[in-house]
Amino acid sequence: MNYWLFKSEPDEYSLSDLKDEPGQVGRWDGIRNYQARNFLRDQVGKGDGVLFYHSACKIPAIVGTARVVRTAYPDPAQFDPESKYFDLKATAENPRWFCVDIQWQSEFTRPVALKEIKQNPALAGMVLVKQGRLSIQPITADEWRTLKQLGS
DNA sequence: GCCAACGTTGGC
DNA sequence: GCCAACGTTGGC
């Protein structure tokens with residue numbers, strides 16, 4: 001069982017968008033970064049915990065949690081010429097990009113803002129603090145506990 | 001909207 | 001395989 005932080009721009013796909021999905025299950029697609037892809041494809045497991053992070057918005061923050069209900073499968077958008085995630089070089093035999101399904105689990109009572117995370121010594125090791133741009137990142141069990149507590 | 005910190009592309 | 005040019009992310 002592992003823990004992850006998934007970033008999303010709330011204008012594109014927010015935690016409440018996930019909650020509104022049938023069964024509260026949504027596809028986490030559109031990942032087009034190799035480092036994030038590799039985590040998704042090779043390490044994200046069924047039942048893993050996900051911290052839902054809102055980026056590129058007024059108050060960047062972790063807003064709730066989800067859990068992984070389906071492990072990696074080829075992202076259908078890469079084969080769709082109409083999609084902005086279309087990839088000419090991807091084939092069904094040799095897919096380049098992957099996605100997972102996650103299920104809404106909880107909304108934090110209090111969003112945990114990036115600003116607050118940066119100020120907390122217990123969270124100084126987070127990839128979010130050290131390397132801003134990665135959209136899927138591993139979280140330690142300690143960090144998971146700390147962040148859930150801060151958000152409740 | 002600016003810009004720093006990456007990541008990707010492609011000529012050589 | 002180097003590296004310059006370009007593109008993207010995302011905080012501010």
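Chain naming here is simple, since letters A, B, ... match the order of the sequence lines and numbering starts at 1 in each. Keep in mind that this is a model prediction, so the values were computed, not measured.
- Across A:Gln43 and A:Asp48, no two heavy atoms sit closer than the pair O-OD2, 3.8 Å.
- There is no side-chain donor-acceptor pair under 3.5 Å between A:Thr109 and A:Ser152.
- Looking at A:Asp75 and A:Arg96, no side-chain N of the basic residue comes within less than 4.0 Å of a carboxylate O on the acidic one, giving no salt bridge.
- Relative to the ring axis of A:Tyr73, A:Arg70 places its NZ or CZ within 45° and under 6.0 Å from the centre.
- Contact annotation: A:Tyr53 reaches the phosphate of C:dG11 (side-chain N/O to OP1 or OP2, under 4.0 Å).
- Atom P of nucleotide C:dT9 and atom CD of A:Glu9 are separated by 7 Å, given to the nearest angstrom.
- With 3.5 Å as the limit, one finds a donor-acceptor pair spanning the side chains of A:Tyr13 and A:Glu21.
- Here C:dG10 presents its P atom at 9 Å from CG of A:Asn33, a figure rounded to the nearest Å.
- Separating the CD1 atom of A:Ile136 from the P atom of C:dG10 is a distance of 11 Å, rounded to the nearest angstrom.
- In summary, the side chains of A:Gln105 and A:Arg67 do not present any donor paired with an acceptor at a separation below 3.5 Å, with no hydrogens or angles considered.
- Here A:Lys7 reaches the OP1 or OP2 of C:dG10: one of its side-chain N or O atoms lies under 4.0 Å away.
- A centroid separation of 6.0 Å or more is found between the aromatic rings of A:Trp97 and A:Tyr85.
- The stretch residues 79-98 of chain A does not touch DNA chain B, since none of its heavy atoms comes less than 4.0 Å from the strand.
- For A:Lys84 and A:Glu12, the salt-bridge test passes: some basic side-chain N is under 4.0 Å from an acidic carboxylate O.
- Less than 4.0 Å separates DNA chain C from at least one heavy atom of each of the following residues of residues 108-133 of chain A: A:Leu114, A:Lys118, A:Gly132, A:Arg133.
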